[in-house]
2 protein chains.
Amino acid sequence: MKKKEVEKIEGCITRLMVIRDAMDVLSGKWKIPIIASLSLKGKMRFMDLIREVDGIAAKMLSKELMSLETNLLIKRTVMNTKPITVEYELTPHGKTLNKIIKEIGDWGVLHRKMIIGK
Amino acid sequence: MKKKEVEKIEGCITRLMVIRDAMDVLSGKWKIPIIASLSLKGKMRFMDLIREVDGIAAKMLSKELMSLETNLLIKRTVMNTKPITVEYELTPHGKTLNKIIKEIGDWGVLHRKMIIGK
DNA sequence: CAGGATCCGTGACGATACTG
DNA sequence: CAGTATCGTCACGGATCCTG
């Protein structure tokens, strides 16, 4: 087998690996919608997210936010107000997801036309 | 409220809606990896996919392929060989996912660097 | 307001064996 | 080879109540 072919095959394998890495961080029902909300609206509080991310329960939101924070995608800021409020926003690294969010949104429009159109 | 502001808010809401539409079709552990494999390698048979999509069980693959076919993303072709073989490939509509796959892959590389780097 | 605690159902996902 | 059948597990996700 030629060197170029080997490289191509290995390229495929690592490509599939990084895709799975990404999906480990992003998969689930809520993570993309949460990130999309923060991406579109910027800084948001817990209650804002409850309202914005349609149908999510507080427990799930809490859990997903923790996961996203652990993966350095969002930043959590506690404000000293009374009662306390908490703000969430995308980190610089979280903002690098914007392209994915955009593509998913664009494709969603396309897909909707496809389904309705037939 | 001005007309432009209304449009912006409605734009956000519908944006989040189409994103959820897209996620309904794409979410889950396996769909993106399956599509990515078909995207990178073109036409594949059931066994090829079992090998390529690392760790998937036959039952899951079968189920996911059905779901993807229902959503018009892949095409299933039964060949009259002995024993029978089946080929799967992306439909034109399925190929419109290439941009998403690319972005996810690119981001996966970035994310890996981010995690290892710290 | 932000969330934790608790209880709970359902389905996603997995391993193995089997069939046309 | 391309699946289906069967059985089992566990975490996703939901509802409700509670607290600093």
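Lettering of chains follows the sequences in order, A, B, ..., and the numbering in each one begins at 1. Keep in mind the model is a prediction, meaning the values are calculated, not measured. Below, all heavy atoms of this structure are taken into account, side chains as well, without hydrogens, waters or symmetry copies.
Rounded to an integer number of Å, the gap from B/Met60 CE to D/dG3 P is 15 Å. Atom CD1 of B/Ile50 is separated from atom C1' of C/dA15 by 13 Å (rounded to the nearest Å). In this structure, B/Leu49 places its CG atom 12 Å from C1' of D/dA2, rounding to the nearest Å. Between the NZ atom of A/Lys63 and the C1' atom of D/dG14 there is a distance of 11 Å, given to the nearest Å. Between A/Ile56 atom CD1 and D/dG14 atom C1' the separation is 11 Å, expressed in whole Å. Distance, B/Lys59 NZ to D/dG3 P: 16 Å, rounded to whole Å. Rounding to whole angstrom units, CG of residue A/Leu65 and P of D/dG13 are separated by 14 Å. Taking atom CG on A/Leu26 and atom P on D/dC12, their separation rounds to 15 Å, with Å as the unit.
Within the nucleic acid shown, A/Lys82 has no heavy atom closer than 4.0 Å to any nucleic acid atom. Across all strands shown, B/Met66 has heavy atoms under 4.0 Å from sugar-phosphate atoms exclusively, and none from any base.
When the nucleotides D/dT4, C/dG4, C/dC1 are ranked by their closest atom to the side chain of A/Met47, C/dC1 comes out on top. In the set D/dA2, C/dG3, C/dG4, the nucleotide with an atom closest to the side chain of A/Arg76 is C/dG3. Side-chain proximity of A/Arg45 to the nucleotides C/dG14, D/dG13, C/dA2 is greatest for C/dA2.
Residue A/Tyr88 places at least one side-chain N or O under 4.0 Å from the OP1 or OP2 atom of C/dG3. When the side-chain nitrogen and oxygen atoms of A/Thr85 are compared with OP1 and OP2 of C/dA2, none of them lie within a distance under 4.0 Å. Taking 4.0 angstrom as the limit, A/Arg51 places none of its side-chain polar atoms (N or O) nearer than this to OP1 or OP2 of C/dC1. When the side-chain nitrogen and oxygen atoms of A/Ser62 are compared with OP1 and OP2 of C/dG4, one or more of them lie within a distance under 4.0 Å.
Heavy atoms of other residues, nucleotides or ligands lying less than 6.0 angstrom from CG of A/Asp54 number 12 at most.
If you take NZ on A/Lys102 and NZ on B/Lys99, they are separated by 6.5 Å, rounding to the nearest 0.5 Å.
Remark on DNA chain C: of its neighbouring residues B/Ala58 and B/Lys31, the 5'-side contact belongs to B/Lys31, judged by nearest-heavy-atom nucleotide. Position along DNA chain D of the nearest nucleotide to A/Ile84 versus A/Glu64 favours A/Glu64 as the more 5'-ward residue.
Counting all heavy atoms, side chain and backbone alike, B/Ser39 lies closest to B/Asn98 at OG-OD1, 2.6 Å.
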message: Go through it in stages, so that I can follow the logic: the residues are B/Leu61 and B/Leu65, the test is side-chain contact (heavy atoms from CB on, under 4.5 Å), and I'd like the CA-CA distance, side-chain angles, deciding distance and then a yes or no.
response: CA-CA 6 Å; B/Leu61 179 55; B/Leu65 288 171; 3.7 Å; yes

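Between A/His111 and B/His93, the ring planes lie parallel to each other; the angle is under 30°, not in the 30° to 60° tilted range.
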